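What you see is a predicted model; the values in this text were computed from it and never measured. Proteins come first, then strands; the chains are lettered A, B, ... in the order of their sequence lines, and each starts at number 1.
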Amino acid sequence: MSPSDGAAPARWVPGSGEARRHVLVAVVNNRPGVLNRVASLMRARNFNIESLAVGHTERPDVSRMTITLWGDDVAVEQVAKQLYKLIDVLKVQDVSAERRIEHELALIKVNAGSRTRKEVLAIVEMYRARVVDVAADALVIEATGTEEEIDALVALVRGFGIKEMVRTGSIVMVRGAQAVEVNA
Amino acid sequence: MRMTKSERAAAPAERTVGQSAARHARDGHLPGAGSAAARAVEEARARMFQSARPRRRTRIGADVVCEAILRQGVDVIFGYPGGVILPLYDVFADHPQLRHILVRHEQAAGHAADGYARATGKVGVCLATSGPAATNLVTAIGTAMLDSVPIVAITGNVPAALLGKDAFQEIDITGITLPITKHNWLVRDADELPRVFAEAFHIARTGRPGPVHIDITKDALQGETRAEHPATVSLPGFRPNLDGHARQLRAAAALIDAAQRPVVLAGRGVLVADAAADLRAFAEKAQIPVAHTLLGIGAIDETHPLGYGYMGMHGWKHVNRAIQEADLLVALGMRFDDRVTGKVSTFAPHARIIHVDIDPAEIGKNVSVDVPIVGDVGRVLRALLPLVRERKPEERGAYFEHLAAMRRESESSSWHGSGAWRDGLLSADFVVARIGEATGHDATLVSDVGQNQMWMARYAGFRRPHSHISSGGLGTMGYAVPAAMGAAVGRPEKETWAIVGDGGFQMTMQELATLVQDRIPVRIAILDNKRLGMIRQWQEIVYAGNYHSASLLGPDYVKLAAAYAIPAFKASTPEQVDEAIAGARAADGPALVWFEIAQEQNVFPMMPAGKGLSDLIESWEGANE
Ligand SMILES: Cc1ncc(C[n+]2csc(CCOP(=O)(O)OP(=O)(O)O)c2C)c(N)n1
Ligand SMILES: [Mg+2]
């Protein structure tokens, strides 16, 4: 009495699916060390974070993290489940499939002497970015937008010479009246 | 005034030094001198050397610690004193209901708390001071983490004002234990201790159990407090799901009713949930054979007609074959560890999988499953029971006959019933089986790690829950003796044996002194092959016989025991085995048996790393061991 003959198909191994970009929202207690717990878990579990942004929310006792990462759906679900095990994590939601606003902020210090300033300003205009500081031969551009929008802006100004750049990583909010809620 | 040349050269410098000395005289050497923070640091340093407490005193943080432990129904802690934890030792005498057992190394305190927890189902508590003592606990905390054992580890730390200053014996121990605990706390204020202890015990024992760690600054232990112990805890981020989802339960029942070749895989979750009776009822009603993991030993009586045996890397061939042929696996409180599945892509290729676990993160982590059920194994089984169709054993006649035939073949293959391995040397499987027999299969048997662990799992014969204790997930050598110590303290009515290799025994044998001093009646069986046996086995089979560092010298264990006034016995031939066991059992207190076993016996079958359950090695160089 043995199973029907013929080779059985290989069992599927979790995490071996196609990787895509995911955006997770984690609502956490606003306490010292929570960021460390989240970061430590990601490192220990071999999850690769692309960006992580953390900040205050409408509730003083609660902070919110936006985590972007690559992985197949099962691997990212595993991330969410592991995060849930942290006592200080109140809620985790994968919003990758939701209609959402997903923005980050960038500050870019670009070479811009008298010869090139006009051109740089035109690009700033086109991307609805702003100039927040002007020096003799450099400008600081402040831009908000999706990761792709900022990537595009960066690509355009790169030719002028970027002296310095800093990006916050995405923060995200689902469109419509519905909110990422925590029952607490 | 006349100056020499050298005096002149020194003069300006002297002036600056003089000036700054004057400033220091005003403000002290402390960074931020004069500030409140700096004053706190100075005071804290002074209090590091504070003298004994006054006779009449108010309630302090250290009292809260003792009260909290007793309130949780725990009356023993395993610990070791040191500078910043002394305020706690200073009040122990005022809480005489709390028994403190002084170990000989903090790692042993941790393993003892772990053994206590596994044997009793209660939370174990261990205690150490800061710095090196705290880091000594790390191995034990990690051991408890990987096997989901509820322990509360308590450490002292330097006074709050000195945190981060690399004070004497200061280490970032909460940073170190963060990834190996369910949760940890650094408490700097005595008023917080009642809440933290209530949360800690709750988290340790609730849902999937595990270790927690509380680090307490010396000033928090010494601070006066009136804070009361809370009746409940509020942890919005910690609400384990206990009951399986109704739809999934129905889906599971449908698969179970339809299955032709089902196998239950029972893990430690069954024991944690106290669900051995529920498992038996379920298996009997649906007539499903039960295989178990290493930590699932005891979930079903091995002599039960549906008890099929130990699975995995060194499990029984018949069990692994049944899994590879199964059309349905009902996995209960187990986590598809790589020692159980081997290569996942070839694991149980014909089987659908129902996976019940209280930790949702375990479901789909290592193996994809068809029906996930998040919940307490006992509750899920009780909910599932009325949903599954009742069967008679005859309905599975052909299947059961096939299983029985496989079992007969596999159980006879690597067993040395005569007690003799090649050339009549003492065979380890025989020794372990005799210990099981002699103790009526009712003792608590604690194994170490290596071949001894596999022999015990395969041959001792387990009948009741919590009678088998072993470090499965972390595989911590040196675990057996201290864990047995905790198990014996927790379940004094059960005879307790530590079955340990010569390598593992030499890792924590300092605890012989604790056994004597605290009269803990652990029987120690050293399976002495004068080898790191499991290492030697791998080197023989995987590394072409390149035996580097596999042989190790040991002492004369009878003389060693004698130095501790522990009765000791020795058996080097099959004929001497029963008498030696009987001698140890007759001792009033701890005892030791030195079994000189064959030096090159292997544990078979063996699933080589990277291979699957169908790729078992059953013999080597013609020798069926
Ligand atoms: C703390 C620790 N160090 C190393 C190992 C690796 N290891 C696993 S089994 C083993 C050999 C154990 O030898 P022994 O205690 O004599 O037991 P035997 O295999 O001979 O029964 C070793 C070194 C381990 N599991 N734990
Ligand atoms: Mg050995």
Side-chain angles (χ1 to χ4, degrees), chain A residues 1-17 26-47 59 61-63 65 71-92 181-184, chain B residues 174-175 178-186 199-200 202-203 207-208 210 212 234-241 260-261 321-322 324-327 336 341 343-351 353 359-369 374 396-403 405-406 612:
Chain A
M1 167 142 186
S2 44
S4 51
D5 287 312
R11 182 170 287 283
W12 190 71
V13 181
S16 60
V27 181
V28 304
N29 283 326
N30 180 13
R31 274 198 206 135
V34 176
L35 178 60
N36 185 19
R37 289 182 195 275
V38 170
S40 166
L41 183 150
M42 294 299 218
R43 173 194 51 76
R45 295 264 170 203
N46 205 12
F47 302 140
R59 283 173 51 179
D61 55 332
V62 158
S63 305
M65 296 182 180
D72 80 355
D73 293 356
V74 175
V76 173
E77 193 188 333
Q78 179 61 205
V79 173
K81 287 166 160 183
Q82 292 293 348
L83 283 172
Y84 257 122
K85 289 172 70 168
L86 297 179
I87 309 293
D88 284 318
V89 172
L90 306 173
K91 170 94 183 181
V92 184
E181 270 178 64
V182 192
N183 12 321
Chain B
T174 44
L178 188 151
I180 54 167
T181 51
K182 275 182 89 176
H183 197 61
N184 63 10
W185 295 258
L186 168 59
E199 289 179 2
H202 177 73
I203 290 171
R208 178 179 183 172
V212 297
S234 161
L235 292 164
F238 181 66
R239 290 178 183 156
N241 191 61
Q260 298 298 305
R261 298 180 308 277
R321 273 178 69 181
Q324 291 304 82
E325 293 177 4
D327 65 351
F336 294 101
T341 61
K343 203 159 121 197
V344 169
S345 57
T346 62
F347 174 71
H350 309 282
I353 299 180
D359 179 358
E362 285 306 340
I363 294 176
K365 184 180 81 178
N366 292 335
V367 168
S368 57
V369 305
V374 177
R396 298 220 195 267
Y399 179 41
F400 285 176
E401 261 170 45
H402 174 63
L403 291 181
M406 288 202 296

What part of B:Asn184 gets within 4.5 angstrom of chain A, counting heavy atoms only: side chain, backbone, both, or neither?
both
Turns out that what part of A:Leu41 lies under 4.5 Å from chain B's heavy atoms comes down to neither
If you count heavy-atom pairs under 4.5 Å with chain A, which of B:Pro360, B:Gly175, B:Pro240, B:Ala405 comes out on top?
B:Pro360
Walk me through whether B:Phe238 and B:His202 qualify under ring pair (Phe, Tyr, Trp, His ring centres under 6.0 Å).
CA-CA 10 Å; B:Phe238 181 66; B:His202 177 73; 5.7 Å; yes
Side chain / backbone / both / neither for B:Ile203 at chain A, heavy atoms under 4.5 Å:
side chain
Give a yes-or-no answer on whether the side chains of B:His402 and B:Glu325 include a donor-acceptor pair shorter than 3.5 Å.
yes
Does any heavy atom of chain A fall under 4.5 Å from the side chain of B:Lys343, the backbone, both, or neither of them?
neither
What option among B:Thr174, B:Leu186, B:Val367, B:Asp327 has the most heavy-atom pairs under 4.5 Å with chain A?
B:Val367
Enter the distance from A:Arg45:CZ to B:Lys365:NZ here, rounded to the nearest 0.5 Å.
5.5 Å
Would you check if A:Val28 and A:Val89 make a side-chain contact, meaning some heavy-atom pair closer than 4.5 Å?
yes
Would you mind reporting whether B:Ile353 and A:Arg11 have side-chain heavy atoms less than 4.5 Å apart?
yes
Side-chain heavy-atom pair A:Lys85, B:Arg208 within 4.5 angstrom cut-off:
yes
Which bit of A:Val74 comes within less than 4.5 Å of chain B, counting heavy atoms only: side chain, backbone, both or neither?
side chain
